[in-house]
Amino acid sequence: MRAIQVYEVGGPEVLQEAEVDQPRPGPGEAIVEVAASGVNFLDVYYREGRYSLPLPFTPGSEGAGTVVEVGPGVADVAVGDRVGWVEIPGTYAERAVVDSSRLVPLPDDIGFETAAAVLLQGMTAHYLVKDAYPVQGGDTVLVHAAAGGMGLLLTQLITHLGGRVIGTTSTTAKAELAKRAGAAEVILSSAVDDLAAEVRRLNGGQGLPVVFDGVGAHTFDASLASLRTRGHLVLFGAASGAVPPFDPIRLAHGGSLTLIRPSLGDFTADRSELLRRAADVFEWVRSKALEVTVTGRYALSEAAQAHSDLEARRTTGKLLVIPDAAAI
């Protein structure tokens with residue numbers, strides 16, 4: 001079968017299309033014919049070597065498709081089931097082998113592309129606004145990169161929960177997207193010298209209770225400076241690079257601030273929690289509380305271009321790799 005292989009870590013050019021052996025299911029595993037795979041910064045971190053996998057490996061950690069074979073002891077799914085999954089490497093391929101306990105059955109009204117576009121980021125948004133910091137009606141919240149795939153979902157959910165979003169974007173076109181998703185105010189990050197001061201100006205001179213920051217190195221200092229006393233920084237990604245080590249006394253000097261660096265795996269640790277979060281996400285999609293926006297579809301042979309576009313911030317919404325190029 002065809003799959004993307006990474007033989008050495010590095011830039012997008014290390015994503016190579018190759019012919020590999022068909023996977024075989026072991027005990028508790030299922031083989032899924034991949035209909036669509038989400039493209040995420042998590043894939044970039046593995047490709048760069050920031051997170052490690054044994055070489056060579058097939059990237060991609062979010063997918064949806066149809067179960068075509070199951071191994072011994074599988075009871076969670078059956079051949080023919082439509083499923084989605086997250087945080088299991090190997091989705092940039094025609095077929096993937098997945099631990100059956102991590103597969104999410106797809107309702108009839110949720111298509112493959114929707115599932116591949118919303119599961120990872122939707123469940124991430126779910127635990128961010130429900131657990132990492134429970135957003136309350138009336139909260140004013142800063143969301144960095146508010147027009148990206150993750151930012152658009154967060155903006156919609158925070159607004160749905162009664163919060164007020166101040167977003168940051170890099171262009172006026174992206175600012176319009178963030179506003180359409182519900183952002184009350186949008187700051188062009190390249191147009192201000194002091195981002196935190198602008199945030200406070202837009203909030204009546206006050207700091208914020210929480211900042212959701214998936215950008216990392218480029219925004220970390222401004223994020224801390226935008227918080228009120230006993231505010232919370234939820235650092236859930238590092239799109240611009242990892243945050244350098246810092247002295248925790250900064251949190252005390254900033255006003256007894258708290259910092260959490262959460263990971264989806266810790267918030268979907270057991271199957272019941274995984275299915276509960278997925279069910280909530282699908283219900284939000286049905287009710288239009290979440291509008292899933294797929295803005296780029298790439299063949300396997302175009303995976304490197306998908307990564308280049310994502311990293312260069314040339315995109316908004318969600319990007320997908322579609323193993324069957326004829327379906328694009």
Would you please test M123 and E62 for side chain to side chain contact (heavy atoms under 4.5 Å, CB included) and show each step?
CA-CA 12 Å; M123 289 196 294; E62 173 185 36; over 6 Å; no
Assess the residue pair L55 and F57 against the criterion (side chain to side chain contact (heavy atoms under 4.5 Å, CB included)); give the C-alpha distance rounded to whole Å, side-chain angles, the decisive distance to 0.1 Å, and a yes or no.
CA-CA 5 Å; L55 295 169; F57 67 86; 3.8 Å; yes
What do the steps show when you test Y133 against I260 for side chain to side chain contact (heavy atoms under 4.5 Å, CB included), and what is the final call?
CA-CA 9 Å; Y133 176 86; I260 182 173; over 6 Å; no
Could you please spell out the steps behind the salt bridge (Lys or Arg N to Asp or Glu O under 4.0 Å) verdict for R297 and E113?
CA-CA 10 Å; R297 294 171 176 84; E113 288 197 5; 2.9 Å; yes
For V104 and F282, what are the C-alpha separation, side-chain angles and deciding distance, and is it a side chain to side chain contact (heavy atoms under 4.5 Å, CB included)?
CA-CA 11 Å; V104 175; F282 292 150; 4.0 Å; yes
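Between V118 and V285 there is a side-chain heavy-atom pair separated by less than 4.5 Å. Within the 4.5 Å cutoff, side-chain heavy atoms of L233 are placed close to those of L224. Looking at heavy atoms from C-beta onward, V83 lies out of side-chain contact with T66 at the 4.5 angstrom threshold. When side chains are defined from C-beta on, K318 counts as touching N40, because their heavy atoms get closer than 4.5 Å.
Both M150 and V165 belong to a common hydrophobic cluster when Ile, Leu, Val, Met, Phe, Trp and Tyr are linked at side-chain heavy-atom distances under 4.5 angstrom. With hydrophobic clusters built from ILVMFWY side chains whose heavy atoms lie under 4.5 angstrom apart, I322 does not share a cluster with M1. V192 and I166 fall within the same hydrophobic cluster, where Ile, Leu, Val, Met, Phe, Trp and Tyr residues are linked whenever their side-chain heavy atoms come under 4.5 Å apart, directly or through other members. By the rule that hydrophobic residues join a cluster once side-chain heavy atoms approach within less than 4.5 Å of another member, Y7 and L300 end up as members of separate clusters. The hydrophobic clustering, which links ILVMFWY residues whose side-chain heavy atoms are closer than 4.5 Å, places L235 and L154 apart.
Judged purely by atom type and a 3.5 angstrom limit, R47 uses its side chain to pair as donor or acceptor with the backbone of G10. With T91 contributing its side chain and S61 its backbone, the two residues share a donor-acceptor pair below 3.5 Å. Here the side chain of T168 pairs no donor or acceptor atom with the backbone of I187 at under 3.5 angstrom. Although no hydrogens or angles enter the test, the distance criterion places no donor-acceptor pair under 3.5 Å between the side chain of T58 and the main chain of G90. In this structure a side-chain-to-backbone donor-acceptor pair under 3.5 Å is missing from T114 to I110. A side-chain donor-acceptor contact under 3.5 Å links S240 to the backbone of A217. Panel note: side chain S263, backbone D266; no donor-acceptor pair is recorded below 3.5 Å. Although no hydrogens or angles enter the test, the distance criterion places a donor-acceptor pair under 3.5 Å between the side chain of E302 and the main chain of A299. Between the side chain of R271 and the backbone N or O of S101, at least one donor-acceptor pair lies under 3.5 Å. The main-chain N or O of E291 is found under 3.5 Å from a side-chain atom of Q156 such that the two form a donor-acceptor pair.
A 6.0 Å sphere centred on CD of Q22 holds more than 12 heavy atoms belonging to other residues, nucleotides or ligands. For R286, the CZ atom counts as densely surrounded, since its 6.0 Å shell holds more than 12 non-hydrogen atoms of other residues, nucleotides or ligands. Counting non-hydrogen atoms of other residues, nucleotides and ligands closer than 6.0 Å to CG of D247 gives a total above 12.
For residues 181-229, the set of pairs meeting the ring pair (Phe, Tyr, Trp, His ring centres under 6.0 Å) definition, not counting sequence neighbours, comprises F220-F246.
Using a 4.0 Å cut-off between charged side-chain N and carboxylate O, R200 and D194 make no salt bridge.
Taking each heavy atom of R164 and A184 in turn, the nearest pair found is CG-CB, 3.7 Å. Contact between L188 and A175 at its shortest, heavy atoms only, is CD2-CB, 4.2 Å. Pairing each heavy atom of Y92 with each of D43, the nearest pair is OH-OD2, 2.7 Å. Considering every non-hydrogen atom in both F267 and P262, the closest pair reads CE1-CB, 3.8 Å. Contact detail for D99 and G28: the closest heavy-atom pair is OD1-O, 3.7 Å. For the residue pair A3 and V20, the shortest heavy atom distance occurs at CB-CG2, 3.9 Å.
Side-chain contact of E29 with S100: a donor-acceptor pair under 3.5 Å is absent, judged by distance alone.
Each of L142, V143, V199 was scored for a side-chain contact (heavy atoms from CB on, under 4.5 Å) with V211, with one residue passing: L142. Screening E87, R102, E273, R277 for a side-chain hydrogen bond (donor to acceptor under 3.5 Å, both in side chains) with T268, the sole residue that qualifies is R102.
Between H160 and W284, the ring-plane angle classifies as perpendicular under the 30° and 60° cut-offs.
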